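Working notes for the structure below.
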Amino acid sequence: MSFSQPLFLMFLLTIPVLIFLYMIKPRHKKVTIPSTFLWERLKKQKRIAKPAQKLRFSLLLLLGIFALFSFSMYLAAPNIFIKNARKNVVFAFDNGASMSCREDDSKSYLQKSKEIAKDIIDRLPGTARVSVVTFSDTVEVLQKEGTRSFAKDAIDRVAQTYYETNLKSSLALISKLFKPSDTTLFIFTDKNVPYLENAKLYKFPKPKDNVSIENISCVSSKDGFDALVEIKNRGIKKASFELELFADGKLVGLKNIFLLPGKAESFLFENIKGNYKVVWGKINYHDALEKDNLFWTVLEPVRAKQKVLYVGKGNFFFEKVWLSFDDVELYKTQDVKNIAGDFDIYIFDQCIPQKFPQKGAFIFVLPNDGNALKLLGIKIGKNDSNEGYARFVKSSVTQNIIGMDFAVQKAVYIIDRAFEPVAKIGGKPIISFGNIQNHPSILFGFAIDNSDLPLKVSFPILMANIKSAFVKKSQLFEKTAFYPGEEIRVFSYSDKKADLILPDGKREIVDLSGYPSVLPKKDVLGIYSLVLNEKSKESYKFAINFPTYALDDSGSRNLAEDNSNFLDAGKINSVKMPYSLKDIFLILALIFLTLEWMVFLNENRV
């Protein structure tokens, strides 16, 4: 017998306390006496009870001891191991990124897990029902309650992924799929696993020798770039190696590195001349995990000044705030019918174009013209004379101004739920942020001159936030280096399909009809290319790198026991299934408490 929570056995120490309480309990002999005799006996009350008495048999005491013992055993959660061919066996393989580590030989942790599981299957009874599941960022059932031979085939299909292992949610889902009371669960992982009923754990150790590239950040210039490489020694011994930096396949930098255990340092490569696109770093060091010795990134082009076109009759406040930005070139026109299509941001002040530009972001100051508003295809309130104090709420463009207010009149409510509220009057939005015909757009439900917003400090901050949000969404990707499983959003105005070229050369067709579109989840490490137009060869690159953060493990206070020895082939004659006695002892404790109460009522019956 074993105990899952052996510390709760200390609760058994309450049994001697119960016995002692029964020894000092006053005992009285029942006799028939006159009522006046009671008053005389009250004077001698202190002599009735003795400090301690000889322990005598008591059914109440016996039932109390049994109840305490049963409840203590329930808390300690005892298990007995019995041979039971009818029970189900589940093999759960962690196939996350960290399980690609290798120890002394060339086999990874996952490969060793598969070999060990097959050895256990050979020792199971022929009638055993075997299930095979994998878990990393999600749980996948490869076989449920099948035969031993089919289970081996399922184990062969277990593939290495490079996603981060979400241990807590994965084990919770596995526990729901397979009843712990009817199942023996074999877990193979390198993570700290919390206690699970009827589970046996094989935990692989953290690699003793591992150096990783944590990140590479680059800053582009007109004639080249600078690169900062962050490296960490995750092992327990010092490491000496070479760090190589490549740009478009050409070696552009080399440094000799020495790192102490547990230390992380950053190394700068400056003034690398040339017009490059793809940069990657490489550590020349043979350790337990080689996938994290590489890191790819894509250089972002040097940003030119943003071209902003104001369309309207003129507004001093708009012109002044946009001219104050150093990275903006402001143009003005009153001709709403002939709009050029080569601007980054368009400000339509109380006018709506008949035809929208193909690219760019929009700021609309809504006019009092129902027919014009139909061109936008948005839902607005019927009353256009709302007034009061508006307040900025939490949104994508209200950093540093949340809670600030301003006075406004002749405002219309923007009630379209597809838009994110930016400022509200009485709980209803009058400034909103969203998309119009796949263009990021800001809607003002009032003329700027009908408010004191331009006189507030929040106005230039709001315009700066809007500009930053538009710059972010004018790029195809929010960044150029991602990790497996991370959401990759594409801000493309195309409503067509595109080709996604994987690092191994395979091609997939992806749908870019939404704004933004989300690419399918990938874990192949390397450089990807997204081809938007096959004829013009318009393509954009991004990288997916090994998630070094997946090697960290915060752990848990209540850990499952590491049963690594159960996999020693020389010690396994047959697999015994653990059976929990926890529920049985809980039922016994309740029975004993019920009997004790019944005996107590009987002894004290008048």
Side-chain angles (χ1 to χ4, degrees), residues 1-2 4 79-96 98-136 139-160 165 167 170-171 173-175 177-205 559-580:
M1 180 183 291
S2 64
S4 302
N79 297 293
I80 59 174
F81 292 86
I82 59 176
K83 294 181 180 179
N84 189 347
R86 294 174 295 176
K87 293 198 70 173
N88 298 322
V89 179
V90 178
F91 292 96
F93 296 94
D94 179 356
N95 63 341
S98 58
M99 289 294 284
S100 62
C101 291
R102 303 174 187 271
E103 282 188 313
D104 300 330
D105 54 22
S106 60
K107 294 180 180 178
S108 68
Y109 286 173
L110 183 60
Q111 290 172 329
K112 289 183 178 179
S113 300
K114 294 162 70 173
E115 291 181 355
I116 293 167
K118 288 182 178 180
D119 184 59
I120 297 176
I121 288 176
D122 291 335
R123 303 172 190 275
L124 290 175
T127 56
R129 310 303 293 174
V130 184
S131 301
V132 179
V133 298
T134 62
F135 63 93
S136 53
V139 174
E140 182 180 3
V141 180
L142 300 181
Q143 174 174 298
K144 188 168 185 179
E145 298 180 6
T147 62
R148 295 188 304 169
S149 60
F150 284 116
K152 287 187 176 182
D153 294 336
I155 290 175
D156 289 333
R157 299 198 305 271
V158 174
Q160 178 69 62
T165 298
L167 185 70
S170 295
L171 293 182
L173 180 56
I174 291 174
S175 297
L177 292 174
F178 306 95
K179 270 190 174 183
S181 58
D182 299 333
T183 303
T184 297
L185 177 62
F186 292 92
I187 304 174
F188 301 89
T189 184
D190 63 338
K191 299 290 188 292
N192 289 331
V193 177
Y195 166 75
L196 291 174
E197 184 180 356
N198 291 346
K200 297 181 78 66
L201 169 68
Y202 191 99
K203 183 177 182 296
F204 291 91
L559 301 179
E561 181 184 358
D562 185 357
N563 305 117
S564 301
N565 291 333
F566 81 89
L567 298 167
D568 188 342
K571 296 181 180 180
I572 302 177
N573 295 320
S574 62
V575 177
K576 293 183 178 181
M577 311 298 184
Y579 184 79
S580 177

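From a predicted model like this one, the values you see are computed outputs, not experimental measurements.
From Leu185, atom CG reaches atom CG of Leu201 across 9.5 Å, with rounding to the nearest 0.5 Å. Separation of atoms NZ (Lys200) and CD1 (Ile120) is listed at 9.0 Å; rounding is to 0.5 Å. Atom-to-atom distance recorded for Leu124:CG and Thr147:OG1 is 11.5 Å, nearest 0.5 angstrom. Considering CG of Leu110 and CZ of Arg102, their distance stands at 10.0 Å, rounded to 0.5 Å. Considering CG of Asn95 and OH of Tyr109, their distance stands at 16.0 Å, rounded to 0.5 Å. From Lys118, atom NZ reaches atom CG of Asp156 across 3.5 Å, with rounding to the nearest 0.5 Å.
Between Leu171 and Pro194, the shortest heavy-atom distance links the atoms CD1-CD, 4.2 Å. Residues Ser170 and Ser136 approach most closely at OG-O, 3.5 Å, considering heavy atoms. Residues Met99 and Ser108 come closest through the heavy atom pair O-CB, 3.8 Å. The minimum heavy-atom distance between Ala151 and Ile121, with the atom names listed, is CB-CD1, 3.9 Å.
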Is there a side-chain contact (heavy atoms from CB on, under 4.5 Å) between Leu177 and Val90? Walk through the geometry before answering. CA-CA 10 Å; Leu177 292 174; Val90 178; over 6 Å; no
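A donor-acceptor pair is defined here as one N or O able to donate and one able to accept, closer than 3.5 Å; such a pair exists between the side chain of Lys114 and the backbone of Val158.
Taking 4.5 Å as the limit, some side-chain heavy atom of Phe135 sits within range of a side-chain heavy atom of Leu167. In this structure, the side chains of Asp153 and Leu142 stay at 4.5 Å or more apart for every pair of heavy atoms. Side-chain contact between Asn88 and Phe178 is absent, with no heavy-atom pair separated by less than 4.5 Å. Phe204 is not listed as a side-chain neighbour of Cys101, based on a closest heavy-atom distance of 4.5 Å or more.
Each of Asp190, Ile187, Val193, Thr134 was scored for a side chain to side chain contact (heavy atoms under 4.5 Å, CB included) with Asp94, with one residue passing: Asp190.
In this view, Glu145 satisfies the salt bridge (charged side-chain N to carboxylate O under 4.0 Å, His left out) rule with no residue, not counting sequence neighbours. Every ring pair (Phe, Tyr, Trp, His ring centres under 6.0 Å) that Phe93 has, sequence neighbours left out, goes to Phe188. For Lys144, there are no side-chain hydrogen bond (donor to acceptor under 3.5 Å, both in side chains) partners, not counting sequence neighbours. For Ser175, the side chain to side chain contact (heavy atoms under 4.5 Å, CB included) partners two or more places apart in sequence, or in a different chain, are Leu196. Applying the side-chain hydrogen bond (donor to acceptor under 3.5 Å, both in side chains) criterion to Glu140, with sequence neighbours excluded, gives no partner residue. Take Lys152 and apply the salt bridge (charged side-chain N to carboxylate O under 4.0 Å, His left out) test, not counting sequence neighbours, and it matches Asp122.
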